[in-house]
**Q** 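Mind having a look at this structure? Questions to follow.
Keep in mind the model is a prediction, meaning the values are calculated, not measured. Read the numbers this way: they start at 1 and go in the same order the structure lists the ligands and their atoms. Counting begins at 1 with the first residue of the sequence.
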Amino acid sequence: MLERYGHGGDLVTAAEMYGIPASDFIDFSSNMNPFGPPDAVQRVMEQRWRDLDQYPDPAVRGLRSKLAARHGISMNNVLCGNGAAEIIDLVIRAMRPGASVALAVPGFGEYADAARKYGGKLFTVPLLEDDRFRLSEASVFETVERDKPGLWMLGSPNNPTGQTVSRDLVLKLIDTGAFVVIDEAFIDFIADEDRLTLVREAAARPNLLVIRSMTKFYAVPGIRLGYAVGSPEVIAAMRRLQTPWSVNSLAQWMGEAVLGDEAYEQRTLAWLAEARPHLAASLQALGFTVFESAVNYLLLKLPDRCVLDASELQRRMGQRGVLVRDASHFEGLNGRFIRVAVKLNEQNEKLVQTLKAVLLESGTHAEMERG
Ligand SMILES: Cc1ncc(COP(=O)(O)O)c(C=O)c1O
């Protein structure tokens, strides 16, 4: 199984499974900015490698101060981590180990894994296909009334659905007294991010924490870099649990160097505004149901007449050097769903053509063409 270690983007497993060198795959199974790391990342590596003979700043002051300035908050509201993944783990440990945790499903698997790891009792709010996977306020407040979870963890934009949670809903949830964590790992891919993000609210309230990632938008998952924004008390509680020097020097320098690269940001947003609808239309033309997404990935339902399930489709695509995410591993979805990243036009075209070939080979597409 390609998701053997729980995530997409596992090129080592793909190489083992399909007998193709890792560098030869086109990877639609993880959702990175297809422009690759900004030039500043290369400059940091070339210019600063000698400085690796020193320990990283244990308090990550340079990067935290830049992040604080970017969001108009104080440095005490920011904690950097070894990827957003570390922040997810830290917040569960810092807040209420063993507490009841509510999640929307399908959602990013690390929320449930982290909650389980620390003895949390899980409650899930289903996102329904019939509602196009939107989070319904009614079902959230049903869970609040019935289960009274102490902690909520919601993705906005949610992975794998690509939908955002309304700010109003989050603010109402905070008013119930629960501690709310909003994972905004992909929010930078939304052009009016500033209108949607809850970072300023998180800095000002004791029971809201926002998680951000720098690995997706800046295409540096290999360095691991994310951060949390919250009240100084919550940030301090998380920091006390963190391994010393958890954010290495390269990650700190790169984070500082890429922030504020406006040309890269504009280029990314312009590409996505054009590429996502184009790819969605091509996939629809092949018979896939494409769910609305605000970001750089699309949740797809296989064509009704497709005789393959997601796992077999993934296998046949992988054998052709194209990796897609089998979304049946997300709780709440089944073998009719896959998730694909939006990439550059030429790569997207390769995805569409490969899907078409696989469908054709399985008999699906020929049947579709006959009507
Ligand atoms: C929704 C979501 N949050 C957080 C993460 C973790 O990101 P990072 O690479 O910063 O650890 C991921 C990674 O796929 C994700 O999809």
Side-chain angles (χ1 to χ4, degrees), residues 2-11 13 27-33 36-37 41 60 63 67 78-92 101 103-115 127 133 135 152-165 181-190 193 196-199 209-229 238 242-243 246-248 250-252 254-255 258-259 293-299 323-327 329-333 339-342:
L2 193 51
E3 292 83 2
R4 191 180 295 165
Y5 295 100
H7 297 284
D10 182 351
L11 296 178
T13 298
D27 180 22
F28 291 86
S29 74
S30 69
N31 309 311
M32 297 305 145
N33 188 327
V41 168
V60 198
L63 178 56
L67 289 167
V78 183
L79 178 72
C80 292
N82 195 259
E86 185 190 25
I87 302 288
I88 293 171
D89 187 87
L90 282 176
V91 70
I92 298 254
V101 180
L103 314 165
V105 295
F108 184 49
E110 287 299 320
Y111 312 148
D113 288 352
L127 304 172
F133 295 109
L135 181 62
W152 282 80
M153 294 204 71
L154 300 171
S156 181
N158 187 45
N159 176 6
T161 59
Q163 305 239 344
T164 55
V165 177
V181 179
I182 301 295
D183 179 358
E184 296 186 350
F186 287 97
I187 204 168
D188 341 31
F189 286 99
I190 301 181
E193 173 209 332
L196 287 168
T197 179
L198 283 153
V199 282
L209 187 93
V210 166
I211 297 178
R212 305 277 295 227
S213 171
M214 294 186 71
T215 69
K216 288 121 191 359
F217 190 81
Y218 298 105
V220 285
I223 63 161
R224 321 298 308 119
L225 186 60
Y227 58 100
V229 176
M238 290 167 65
Q242 197 173 25
T243 306
S246 132
V247 185
N248 68 71
L250 276 177
Q252 296 191 27
M254 286 176 187
V258 297
L259 271 181
S293 162
V295 282
N296 60 326
Y297 50 86
L298 297 169
L299 180 65
L323 302 179
V324 300
R325 184 75 195 261
D326 169 0
H329 302 298
F330 287 93
E331 186 183 338
L333 294 179
R339 192 199 64 201
V340 295
V342 181

**Q** Nearest 0.5 Å, please: how far is CG in D188 from CZ in R212?
**A**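 Spacing of CZ (R212) from CG (D188) equals 5.0 Å.
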**Q** Please tell me if the side chains of F108 and M153 come closer than 4.5 Å, counting only heavy atoms from C-beta onward.
**A**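 Heavy-atom side-chain distance check fails, nothing below 4.5 Å.
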**Q** Test your reading of the structure: does Y111 have an N or O sitting under 3.5 Å from an N or O of ligand 1?
**A**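 Min N/O separation from ligand 1 is not below 3.5 Å for Y111.
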**Q** Should one rank I88, V220, D183 by closest heavy-atom distance to atom 2 (C) of ligand 1, which comes out on top?
**A**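 Considering heavy atoms of I88, V220, D183, the nearest to atom 2 (C) of ligand 1 sits in D183.
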**Q** Which atoms from ligand 1 have a heavy atom of T215 less than 4.0 Å away?
**A**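 The atoms of ligand 1 under 4.0 Å from a heavy atom of T215 are 8 (P), 9 (O), 10 (O).
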**Q** Could you tell me whether a side-chain N or O of S156 sits under 3.5 Å from a main-chain N or O of V165, the two making a donor and an acceptor?
**A** yes
**Q** How far apart are the closest heavy atoms of R339 and A327, and which atoms are they?
**A** N-CB, 4.2 Å
**Q** Side chains of R224 and N248: donor-acceptor distance under 3.5 Å anywhere?
**A** no
**Q** What protein heavy atom sits nearest atom 11 (O) of ligand 1, and how far away is it?
**A**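 Of the protein heavy atoms, R224 NH2, 2.6 Å lies nearest.
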**Q** Write out the residue and atom name of the closest protein heavy atom to atom 8 (P) of ligand 1, then the distance separating them to 0.1 Å.
**A** A84 N, 3.4 Å
**Q** What protein heavy atom sits nearest atom 16 (O) of ligand 1, and how far off is it?
**A** N159 ND2, 2.8 Å
**Q** If you measure from atom 13 (C) of ligand 1 to every heavy atom of E110, K216, M214, E184, which option wins on shortest distance?
**A**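 That would be K216.
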**Q** Give a yes/no verdict on whether any heavy atom in A185 is under 4.0 Å from an atom of ligand 1.
**A**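 A185 counts as a contact of ligand 1 under the 4.0 Å cut-off.
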**Q** Please report the closest heavy-atom contact between L63 and C80, naming both atoms and the distance.
**A**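 Looks like CD2-SG, 3.9 Å.
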**Q** Between A85 and ligand 1, find which residue part has any heavy-atom pair under 4.0 Å and reply side chain, backbone, both or neither.
**A**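 A85 to ligand 1: contacts from backbone and side chain alike.
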**Q** Give the atoms of ligand 1, by number and element, whose distance to some non-hydrogen atom of S213 is under 4.0 Å.
**A**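 The list of qualifying atoms is 7 (O), 8 (P), 10 (O).
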**Q** Measure from the side-chain N and O atoms of E3 to the backbone N and O of D326, and report whether any donor-acceptor pair falls under 3.5 Å.
**A**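 Such a contact is found between E3 side chain and D326 backbone.
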